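Report on the following structure.
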Amino acid sequence: MNLSEITNGLNDKQCQSVTLNNEKNALILAGAGSGKTKVLIHRIAYLITQKNIHIDAILAVTFTNKAATEMCERLSMLLRRPITNMWIGTFHSLAHRLLRTHYEQAQLTSNFQILDAQDQFRIIKNLMKENNIDESKFPIKKVQQFINNQKNKGIRLQDIDSSYNYFIKKSLKVFELYEVHCKTNDLIDFAELLIRSYELLKNNVNLLNYYKDLFKHILIDEFQDTNMIQYKWIKLMFSGNNKVFCVGDDDQSIYGWRGANIENITKLCTDFIPIKTIRLEQNYRSTNNIITASNALIAHNTSRMGKSLWTNASDGELIDIYEAQTEIDEANYIIRSIQKLITNGSLPNDCAILYRLNTQSRIFEKELIKYNIPYIIYGGLKFFERAEIKYALSYLRLIENSDDNLAFERVVNFPTRGIGNKTVNKIRTFAQNNHISLFQSTIQISSTLSTRTANALNGFTSLIKKMKNDTKNLDLSEKIVNLLNISGLMAHYSNDKTSNKKENLKELITEAKKYKQNNNMNEVIGFISLASIDSDSNTNALSNQNVQLMTMHSAKGLEFPYVFLSGMEEGLFSSRQSKNEPHLIDEERRLCYVGMTRAMKKLSLSYSIKRFLHGDFLYSDPSRFLSEIPDEYLNRIKVKSNIIIKSYNNNNIFQSITPKSDNQLHIGALVKHAKFGLGTVLNFEGQGNSSRVQIKFKQAGSIKWLISSYANLEFI
DNA sequence: TCACAAACCCTTTTT
DNA sequence: GGGTTTGTGA
């Protein structure tokens, strides 16, 4: 393959990044929509085909598992050959791979389990209960966060100074209990994956040297969202003989709350000398209005690395700002706008509704159903986090390893089989006292209990044994089919016509069929681990026909022709908890920037004066971010109502919407508007209720797009 | 022990 | 508003 095939279609800066020589490390500051994924993929292809780097010598880190899969697919298209077993994935999944491969040196057994956030929460909760730590004084979430924060900084329990305040002291106590629990049960939480694999390498020089030598090139996407332990991990892997290639955008750092450390970008420039910084600033995604408005917004942040997007695209339409009376009104406005777009030939999946909180999706869902528009909601409860899936996987885990206590607790009485809390408590105590698993404890204890209870317990243990036996020689998906039937899970859910739990279980079978292990990992263990780490496999075959609903966080990296940013209110976006914290407000602003720059053709913002949220009515001011976007890019829309609404900013001119009037539309027509005065029609599009008119008003020379059916225009 | 109801709690974003 | 815990009767 020759060079031109790889550099073809790249702009100067992209090309420069892709073909950077081997002398230097690289930091690619890539703005939104500047083609950074393309650069990464072409860079890998360049290294392989032009520099004879073996694919195994490349370590590529992505932000999500989905991104890794996509990159693999695109790379294999570019190289015209299948890519298998490449070292590509999230930090977590790469760390996982290392730990599975070298589990002994990491002081683990071969079937260690990964705890997701839910499991971790339950364990902490139980430990606190057992040790009489009052959860009203020490909220479990806070304690959980404390533990994860430490690990994400690479700090171990023994490194923490215990002479702190009361909360920290108590948290340390829980931390200690938790660590012991995880160790004895062979459990690894998300943060532990990172810190443990870091220590694995750090403490095994031979191993470290092997990987340092193996990975000639380390490429990292979304570098602005790396946390401290991840940074240490990269630094450890860096030998000076290999090279790092980091792509990121400090303006899109939105995971600070999860330990992401935006300073890592600046640290990179001093720790990885010599390093070449290249800025990708040409945007290929959005209209000029969207870009300049977004630039204006993000300019309000201090301490940026400095970067300014530009585009060759035309101005495009103005950015709509809709002022809603209530959240229902807001949803209704957005859904009607989408319906108009669809009637005018757009596809539902061209439209995305973005929001700050997952809970906001409910109201949109309601309206979409009302208007019979297909939609898909991303996020919220992930597929593998659903209760029915967790039950099924717990049975699978018990078949694989009967001593899995978490799995045991989840399904011992589900579907209900007469083993209540009292009995389980006895099992727990006996297990603790004798240092055995809950499953073993059950077997030993049953004869000492009443016949009824003993029967129930024996029923359960023999059920698991039977499953184990029956499924011994079956492959993964057949195992799952089998356990769903024997356990009674399928039967339990088949009576439930109101939910799609049964469909979800069937979907699990499909997922299992699709699953191929990509290294020498045990199939069942691999699948279970995948279920913990790769939570976003809720992709739906029909998703390209659906309006897309998701949080702004999960929209990162995506693009849509029509984007609706909803709930632009102080206290919601920016969020209440970031108030008075300048660095948190900055992160909210970056989130807003991310949201805005998702839009290709048209961006619509909206806020509501009154909103029902968390069971209460909220009256909020419009988001501060709205006033940070210069008025010249905005088209303010508000419903004309009998209620007089105070304008929050005297400079704002509101476009009024009133019910439909006659129209005699043609280009050049002279019109009169109640607020803007006389103007000429420059252009119009759409028909009937959905048509929009572009008018040049004499007053102030402004040009505006108005919805003709609402604009109350007088034709002269 | 179970099933249902009432009371009670929280309330950001996710690998 | 909804998930979870607690209380009640069967």
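Letters A, B, ... mirror the listed sequences (proteins, then strands); counts begin at 1. For clarity, every value in this text was computed on a predicted model and none was experimentally measured.
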- Message: Rounded to whole Å, please give me the gap between CG in A/Asp119 and P in B/dT14.
- Response: 18 Å
- Message: Once you apply a heavy-atom cut-off of 4.0 Å, does A/Lys125 come out as touching a base, just sugar-phosphate, or nothing?
- Response: sugar-phosphate
- Message: Output the rounded distance in Å from NZ (A/Lys579) to P (B/dT12).
- Response: 16 Å
- OP1 or OP2 of B/dT1 less than 4.0 angstrom from a side-chain nitrogen or oxygen of A/Thr423, does that happen here? yes
- Message: Just N and O in the side chain of A/Thr551: are any of them under 4.0 Å from OP1 or OP2 of B/dT14?
- Response: yes
- Message: Would you call the rings of A/Tyr355 and A/Phe364 parallel, tilted or perpendicular, taking 30° and 60° as the class edges?
- Response: parallel
- Query: Any chance the side chains of A/Asn301 and A/Arg304 put a donor and an acceptor closer than 3.5 Å?
  - Reply: no
- Message: If the threshold is 4.0 Å, N to carboxylate O, is there a salt bridge linking A/Lys579 and A/Glu570?
- Response: no
- Under a criterion of less than 4.0 angstrom to any heavy atom of chain A, what are the 5'-terminal and 3'-terminal contacting nucleotides of DNA chain C? C/dG1 to C/dT5
- Item | P gap between B/dT13 and C/dT4, integer Å | 15 Å
- Kindly point out which of B/dC2, B/dT15, B/dT12 is positioned nearest to the side chain of A/Arg356? B/dT12
- Could you say whether A/Tyr255 or A/Ile419 is positioned toward the 5' end of DNA chain B, judged by the nucleotide with the nearest heavy atom to each? A/Ile419
- With a non-hydrogen cut-off below 4.0 angstrom, is A/Phe612 in contact with a base, only sugar-phosphate, or nothing? sugar-phosphate
- Message: Any side-chain N or O of A/Asn413 below 4.0 angstrom from OP1/OP2 of B/dC2?
- Response: yes
- May I ask you to check whether A/Phe414 and A/His492 place their ring centres under 6.0 Å from each other? yes
- Query: What is the distance, rounded to the nearest whole Å, between atom OH of A/Tyr231 and atom C1' of B/dT15?
  - Reply: 21 Å
- Item | Sugar-phosphate, base or nothing in reach of A/Arg362, heavy atoms under 4.0 Å | sugar-phosphate
- Spacing between A/Asn425 atom CG and B/dT1 atom C1', to the nearest angstrom: 14 Å
- Query: Whole-Å distance between B/dT13 C1' and A/Met550 CE?
  - Reply: 14 Å
- Item | Shortest side-chain distance from A/Arg258, nucleotide among B/dT14, B/dC2, B/dT12 | B/dT14
- Please indicate yes or no: is the ring centre of A/Phe63 less than 5.5 Å from the centre of the six-membered base ring of B/dT15, with the two planes inclined by under 30 degrees? no
- Starting at NZ of A/Lys142 and ending at P of B/dC10, how long is that distance when rounded to a whole Å? 10 Å
- Heavy-atom count around A/Lys183 NZ within 6.0 Å, excluding the residue itself: above 12? no
- CZ of A/Phe617 versus P of B/dT11: gap in Å, rounded? 21 Å
- Message: Which is more 5' along DNA chain B, the nucleotide nearest A/Ser554 or the one nearest A/Thr416? Just name the residue.
- Response: A/Thr416
- Task: Measure up the A/Tyr211 and A/Phe215 rings against each other and bin them: parallel (under 30°), tilted (30 to 60°), perpendicular (over 60°).
- Result: parallel
- Message: Between A/Lys390 and A/Asp116 (salt bridge meaning N to carboxylate O under 4.0 Å), is one present in this structure?
- Response: yes
- Query: Can you check side chain to side chain contact (heavy atoms under 4.5 Å, CB included) on A/Leu157 and A/Tyr178, steps first, answer last?
  - Reply: CA-CA 11 Å; A/Leu157 179 64; A/Tyr178 173 75; over 6 Å; no
- Message: Nearest to the side chain of A/His553, heavy atoms from C-beta on, is which of B/dT15, B/dT13, B/dC2?
- Response: B/dT13
- Between the base of B/dT13 and the side chain of A/Trp257, is there a donor-acceptor distance below 3.5 Å? yes
- In whole angstroms, how far is the P atom of B/dT13 from the CD1 atom of A/Ile262? 21 Å
- Task: Look at all strands and tell whether A/Asn358 reaches a base, only sugar-phosphate, or nothing, counting heavy atoms closer than 4.0 Å.
- Result: sugar-phosphate
